[in-house]
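Working notes, structure below.
For ligands, and for the atoms within them, numbers begin at 1 and follow the listed sequence.
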Amino acid sequence: MVKTIIINGSPRAPKSNSKQYAEIFRKYYTGETISFMINNRNHSEICDHIEGCSDIVFVFPLYADGIPSTLLNFLKTLETYQINQKPRVHILINCGFIEPEQNNVALDMMRLFCRQNRYEFSSTLAIGAGEAFLTTPLSFLVKGKIKKFAKLVASKKTEHLSVTLPLSKKSFVKASTKYWIAYGERFGCSKEQMASMKIE
Ligand SMILES: Cc1cc2nc3c(=O)[nH]c(=O)nc-3n(C[C@H](O)[C@H](O)[C@H](O)COP(=O)(O)O)c2cc1C
C-alpha cells in the first residue's frame, strides 16, 4: 500500500494553478501516484481510492483566508467514510498574496480536520504569490521547493516549507496592480469596476 493520492481542491481545478503545482509535484515524486480533481459528483469515487493509499497530498488555493468550499464539501464526505488504514496527509497550498504565512489559517483548518478524524498530519508547503510565480523567470525557486516537498513526502518526514517571490511588498503590489488592470481591460472591465462590489 505505497501509493499517493493527489487531490486538487481548487474550484477551477482543470484550469487551476493548483493543477500546475500538482503536475510539478508528480514530476519530482518518485513513488506511485493517482490524481483527482474534486467536483460535486466524484466525492465517493475519491474516497474509495483513498482506502488503498499510504499518503494523501491535498493541493489547493487559499480562498478568503480559508480552504475553498469545493474542498470543504469534500472533507464533509470524507469524514463520514469508513477508512480502515488512514493515509498520512500532506498539504501543498498556494495563495495570491506575496506572504506565504497568509496560508497558515487554512493549514490550521486542515490540521484540525486531521486531528478530529485521526489522520496523521505531515509535511506542508505554503506558496506565496502563487498566481504569478510560474509565469516569472524565478519559477525555478518554487519548482525547487516542490522538489524538496516531494522528497519529504517520499521519505515520510514531517516539515513545514514555504516559498515566495523575492520581491518587496511595494514592488509586488505595483506589479500585480499593473497585471490585474491589464487583465480587466482585456474583458472590458475598468479598475473602478473591479474595485466595486458589483461583480456581474
Ligand atoms: C474567490 C477568491 C478568493 C481568494 N482569496 C484569497 C485570499 O484570501 N488570500 C490570498 O492570498 N489569495 C486569495 N485568492 C487568490 C488565490 O489563492 C490564487 O489566485 C491562487 O493561485 C488560485 O489557485 P487555483 O488556480 O489553484 O485556484 C483568492 C482567489 C479567489 C478567486
Checklist line | Lys19 NZ to Ile6 CD1 distance, which is reported to the nearest 0.5 Å | finding: 13.0 Å
Next item on the list: Show your reasoning for whether salt bridge (Lys or Arg N to Asp or Glu O under 4.0 Å) applies to Glu79 and Lys86.
Entry: CA-CA 11 Å; Glu79 69 182 353; Lys86 299 202 168 176; over 6 Å; no
Notebook entry, point to check: Do Thr33 and Thr4 have side-chain N/O donor and acceptor atoms under 3.5 Å apart?
Noted result: no
Notebook entry, point to check: Who's the nearest protein heavy-atom neighbour of atom 29 (C) of ligand 1, and how far?
Noted result: Tyr63 CE1, 3.7 Å
Check: Under 4.0 Å from any heavy atom of Ser16, which atoms of ligand 1 are there?
Finding: 24 (P), 25 (O), 26 (O)
Note to self: Strictly below 4.0 Å, N to O, side chains only: are Lys3 and Asp55 in salt-bridge contact?
What the structure shows: no
Checklist line | Side chain, backbone, both or neither: Lys19 near ligand 1, heavy atoms under 4.0 Å | finding: neither
Note to self: Using side chain to side chain contact (heavy atoms under 4.5 Å, CB included), reason through Ser16 and Tyr21 one step at a time and then give a plain yes or no.
What the structure shows: CA-CA 9 Å; Ser16 63; Tyr21 290 127; over 6 Å; no
Checklist line | From CD (Glu99) to OG (Ser162), nearest 0.5 Å | finding: 11.5 Å
Next item on the list: Kindly determine whether Ser54 and Arg88 satisfy side-chain hydrogen bond (donor to acceptor under 3.5 Å, both in side chains), including the steps that lead there.
Entry: CA-CA 6 Å; Ser54 57; Arg88 214 173 286 107; 5.5 Å; no
Item checked: Under 4.0 Å to a heavy atom of Ala64 - the qualifying atoms of ligand 1, by number -> 3 (C), 4 (C), 5 (N), 6 (C), 7 (C), 8 (O)
Notebook entry, point to check: Counting from 1, what ligand 1 atoms have a heavy atom of Cys95 closer than 4.0 Å?
Noted result: 10 (C), 11 (O), 17 (O)
Check: Taking only heavy atoms of Gly130, which atoms of ligand 1 are found under 4.0 Å from at least one of them?
Finding: 21 (O)
Check: For atom 14 (N) of ligand 1, what's the nearest protein heavy atom and its distance?
Finding: Leu62 O, 3.4 Å
Margin query: Run the side chain to side chain contact (heavy atoms under 4.5 Å, CB included) test on Arg26 and Ser35 for me, step by step, so that the C-alpha distance in whole Å, both residues' side-chain angles and the decisive distance to 0.1 Å come before the verdict.
Written below: CA-CA 9 Å; Arg26 238 180 138 158; Ser35 296; 2.9 Å; yes
Next item on the list: Run the numbers on Thr136 and Ser139 for side-chain hydrogen bond (donor to acceptor under 3.5 Å, both in side chains), then give the verdict.
Entry: CA-CA 6 Å; Thr136 73; Ser139 64; 5.5 Å; no
Check: What protein heavy atom is closest to atom 15 (C) of ligand 1, reported as residue, atom name and distance in Å?
Finding: Gly96 N, 3.6 Å
Check: Where is the nearest protein heavy atom to atom 8 (O) of ligand 1: which residue, which atom, and how far?
Finding: Asp65 N, 2.9 Å
Note to self: Which of the numbered atoms in ligand 1 are under 4.0 angstrom from any heavy atom belonging to Ser10?
What the structure shows: 24 (P), 26 (O), 27 (O)
Notebook entry, point to check: When you measure from atom 19 (O) of ligand 1 to every protein heavy atom, which one gives the shortest distance, and what is it?
Noted result: Glu131 OE1, 2.5 Å
Checklist line | Heavy-atom pair of closest approach, residues Gly128 and Phe133 | finding: O-CD1, 3.5 Å
Next item on the list: Using distance alone, decide if ligand 1 has a nitrogen or oxygen within less than 3.5 Å of any nitrogen or oxygen in Asn17.
Entry: yes
Margin query: Nearest non-hydrogen contact with atom 21 (O) of ligand 1 belongs to which option: Asn94, Ile98, Ile127, Asn8?
Written below: Asn94
Margin query: Heavy atoms only: which of Pro61, Ala22, Ser18 lies closest to atom 26 (O) of ligand 1?
Written below: Ser18
Notebook entry, point to check: Looking only at protein heavy atoms, which one is nearest to atom 11 (O) of ligand 1, and how far off is it?
Noted result: Phe97 N, 2.9 Å
